[in-house]
**Student:** 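So that we are looking at the same thing, I have put the structure below in structure tokens.
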Amino acid sequence: MADNPLVAFQEAMRAAGVFLAADAHITPDGQLHRARAADDKPGALSIWYNFHPDAPASGVAGNWRTGHSVKWCSKRLSALTSAERETLRRRIEQERAEAQAETERRHADAAARALRIWTDSAPANPNHAYLTRKGIPAGIARQRGDMLILPITGFDGDLRGVQTISPTGEKRFTKGMQKQGAFIRTDGMPSPDTRLLICEGWATAQTLAALSPGAVVIAALDAGNLQAVAVEARRRFPCIDLVIAADADAVGLEKAKAAATASRARWIWPRFPEDAPAGLTDFNDWRVWRKRQVAS
């Protein structure tokens, strides 16, 4: 360990995958700060940290975007005096409260920005290039300029953020939004007496909604969020008929199976015939390809 506690703390950050930008510096004042990550885009401040220089020197840090975090102390716990243990305990409580307050502030700010965008958007053009290429209706989508705007909510219906989709299919989420357990609906909200299908992306959800009349279909944003959405659905609706619709790639299948196991759900995935072209992964890919086959 380095003799300088601040240097040692920064080494611990790097070891935990929390990388500061080359021009970013740690302010050693025992307060919560934000800083640029090494791979942040201009204006972004993904790193958070709190470094206490007073004995026992300690700190916490993390990256909001990646989820990596670290807790560090200059002394082993077994070597701390009773007074130092009490000091460390108070710091941990303070840091936990500050981190929670900052998280809530970020989520509220993201929701406010998303609401302004959603309110400022008009119903989507049904001939938008992305919709045409995917062969799906606009549904609840709105449009701002040439960008599709999709509302991201939780099961309570509150807007958490939006997803934008460009004509070429580039997708972005509202920065700082509460993503875990959030989803994009295709029409109605989940209810206890209606079959619920959960998939990754909105285009796939639109496709499944057309193939499954009477069911509620929602998009969990990506494979990593499937389990959080599915578990919350099961918690709210213990007897619901719940189905996880996987993307047929390695990550999609793995995450969908884990989500189905955790939420006591069934899971399905598209089976592509041998003559299907390479690169097909989800139910929307399958349907677009089949339509082209029929047309030719």
**Student:** Should the pair Arg287 and Trp289 be classed as cation-pi, given the thresholds of under 6.0 Å to the six-membered ring centre and 45° from the axis?
**Tutor:**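 The answer is no, since Arg287 fails at least one limit relative to Trp289.
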**Student:** Using the six-membered ring wherever Trp is involved, compare the ring planes of Tyr130 and His128 and label them parallel, tilted or perpendicular (cut-offs 30° and 60°).
**Tutor:**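 The arrangement is perpendicular - the two ring planes meet at more than 60°.
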**Student:** Does Arg113 use its side chain to pair, donor to acceptor, with the backbone of Lys175 at less than 3.5 Å?
**Tutor:**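 Yes; at least one donor-acceptor contact below 3.5 Å.
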**Student:** If I compare all heavy atoms of Ala245 with all of Phe283, which pair ends up nearest, and what's the gap?
**Tutor:**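 Taking Ala245 first and Phe283 second, the nearest heavy atoms are CB-CE1, 3.9 Å.
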**Student:** Taking all non-hydrogen atoms of both residues into account, name the closest pair between Ile149 and Ser121 and its distance.
**Tutor:**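 Nearest pair, atom of Ile149 first, then Ser121: CG1-OG, 3.5 Å.
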**Student:** Can you list everything that forms a salt bridge (charged side-chain N to carboxylate O under 4.0 Å, His left out) with Arg76? Sequence neighbours excluded, please.
**Tutor:**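 For Arg76, no residue satisfies salt bridge (charged side-chain N to carboxylate O under 4.0 Å, His left out) once neighbours in sequence are set aside.
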**Student:** If you compare all heavy atoms of Lys179 against all heavy atoms of Asn225, which two are closest, and at what distance to 0.1 Å?
**Tutor:**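 Scanning both residues completely, I find the closest heavy atoms to be O-ND2, 3.3 Å.
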**Student:** Between Asn63 and Phe19, does a side-chain contact (heavy atoms from CB on, under 4.5 Å) hold up when you go through it step by step?
**Tutor:** CA-CA 8 Å; Asn63 186 313; Phe19 299 100; over 6 Å; no
**Student:** Test salt bridge (charged side-chain N to carboxylate O under 4.0 Å, His left out) on Asp23 and Arg36; report intermediate values, then the result.
**Tutor:** CA-CA 8 Å; Asp23 59 350; Arg36 289 182 57 237; 2.9 Å; yes
**Student:** What are the two closest non-hydrogen atoms of Gly30 and Pro53, and how far apart are they?
**Tutor:**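 Looking at all heavy atoms of both residues, the closest pair is N-CD, 4.4 Å.
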**Student:** Between Asp285 and Thr281 (side chain of the first, backbone of the second, donor and acceptor by atom type, cut-off under 3.5 Å), is there such a pair?
**Tutor:**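 Yes; at least one donor-acceptor contact below 3.5 Å.
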**Student:** Decide yes or no on side-chain hydrogen bond (donor to acceptor under 3.5 Å, both in side chains) for Arg195 and Ser212, but give the supporting numbers first.
**Tutor:** CA-CA 9 Å; Arg195 183 186 185 201; Ser212 308; 4.7 Å; no
**Student:** Answer yes or no: is there a donor N or O on one side and an acceptor on the other, between the side chain of Asn284 and the main chain of Thr207, under 3.5 Å?
**Tutor:**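 Side chain of Asn284 to backbone of Thr207: no pair is present.
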**Student:** Could you grab the distance from atom SG of Cys239 to atom CG of Asp193, nearest 0.5 Å is fine?
**Tutor:**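 If I round to the nearest 0.5 Å, the distance is 11.5 Å.
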**Student:** For a quick test of reading the model, state the closest non-hydrogen atom pair linking Ala37 to Asp40 and the distance between them.
**Tutor:**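 The pair with the smallest heavy-atom distance is N-OD2, 2.8 Å.
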**Student:** For residues Phe272 and Trp269: do they belong to one hydrophobic cluster (side chain heavy atoms under 4.5 Å, members Ile, Leu, Val, Met, Phe, Trp, Tyr)?
**Tutor:**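 No, because Phe272 and Trp269 fall into different hydrophobic clusters, even though each may have its own neighbours under 4.5 Å.
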**Student:** Rounded to the nearest 0.5 Å, what separation is found between the CG atom of Leu280 and the CG atom of Asp247?
**Tutor:**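 So the CG of Leu280 and the CG of Asp247 are separated by 11.5 Å.
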**Student:** Tell me which pairs pass ring-ring contact (aromatic ring centres under 6.0 Å, His included) where either residue lies in residues 169-216, with sequence neighbours left out.
**Tutor:**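 Sorted pair list: Phe155-Phe183.
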**Student:** List the steps, then state whether side-chain hydrogen bond (donor to acceptor under 3.5 Å, both in side chains) holds for His52 with Gln94.
**Tutor:** CA-CA 12 Å; His52 297 265; Gln94 174 191 343; 5.1 Å; no
**Student:** Checking Ser263 now: which residues fulfil side-chain hydrogen bond (donor to acceptor under 3.5 Å, both in side chains) with it, not counting sequence neighbours?
**Tutor:**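 None.
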**Student:** Which heavy atom of Ala110 sits nearest to which heavy atom of Thr174, and what is that distance?
**Tutor:**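 Nearest heavy atoms, Ala110 then Thr174: O-CG2, 3.6 Å.
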**Student:** Check for a donor-acceptor pair, side chain of Arg34 on one end and backbone N or O of Leu45 on the other, with a separation under 3.5 Å.
**Tutor:**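 Yes, because the side chain of Arg34 sits within donor-acceptor range (under 3.5 Å) of the backbone of Leu45.
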**Student:** Ile198 and side-chain contact (heavy atoms from CB on, under 4.5 Å): which partner among Val216, Leu208, Val217, Ile218?
**Tutor:**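 Filter result, single survivor: Ile218.
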**Student:** With a 6.0 Å cut-off (strictly less than), is the heavy-atom count around CZ of Arg105, excluding the residue itself, greater than 12?
**Tutor:**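 Result for CZ/Arg105: enclosed.
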**Student:** Does a sphere of radius 6.0 Å around NZ in Lys257 hold more than 12 heavy atoms from other residues, nucleotides or ligands, not counting ones at 6.0 Å or beyond?
**Tutor:**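 Count not over threshold, so no.
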**Student:** Distance-only, no hydrogens or angles: does the Glu200 side chain make a donor-acceptor pair with backbone N or O of Leu226 under 3.5 Å?
**Tutor:**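 Such a contact is absent between Glu200 side chain and Leu226 backbone.
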**Student:** What do you reckon, is CD of Gln180 surrounded by more than 12 foreign heavy atoms closer than 6.0 Å?
**Tutor:**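 Not more than 12 within 6.0 Å, no.
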**Student:** Does Arg85 CZ have over 12 foreign heavy atoms under 6.0 Å away?
**Tutor:**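 Enclosed: over 12 neighbouring heavy atoms sit under 6.0 Å from CZ of Arg85.
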**Student:** Is the ring pair Trp72/Phe9 parallel, tilted or perpendicular, if the boundaries are 30 and 60 degrees?
**Tutor:**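 If you compare the ring of Trp72 with that of Phe9, the planes turn out tilted.
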**Student:** Please check if the side chain of Gln178 supplies one atom and the backbone of His107 the other of a donor-acceptor pair under 3.5 Å.
**Tutor:**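 Looks like no, no N/O pair under 3.5 Å.
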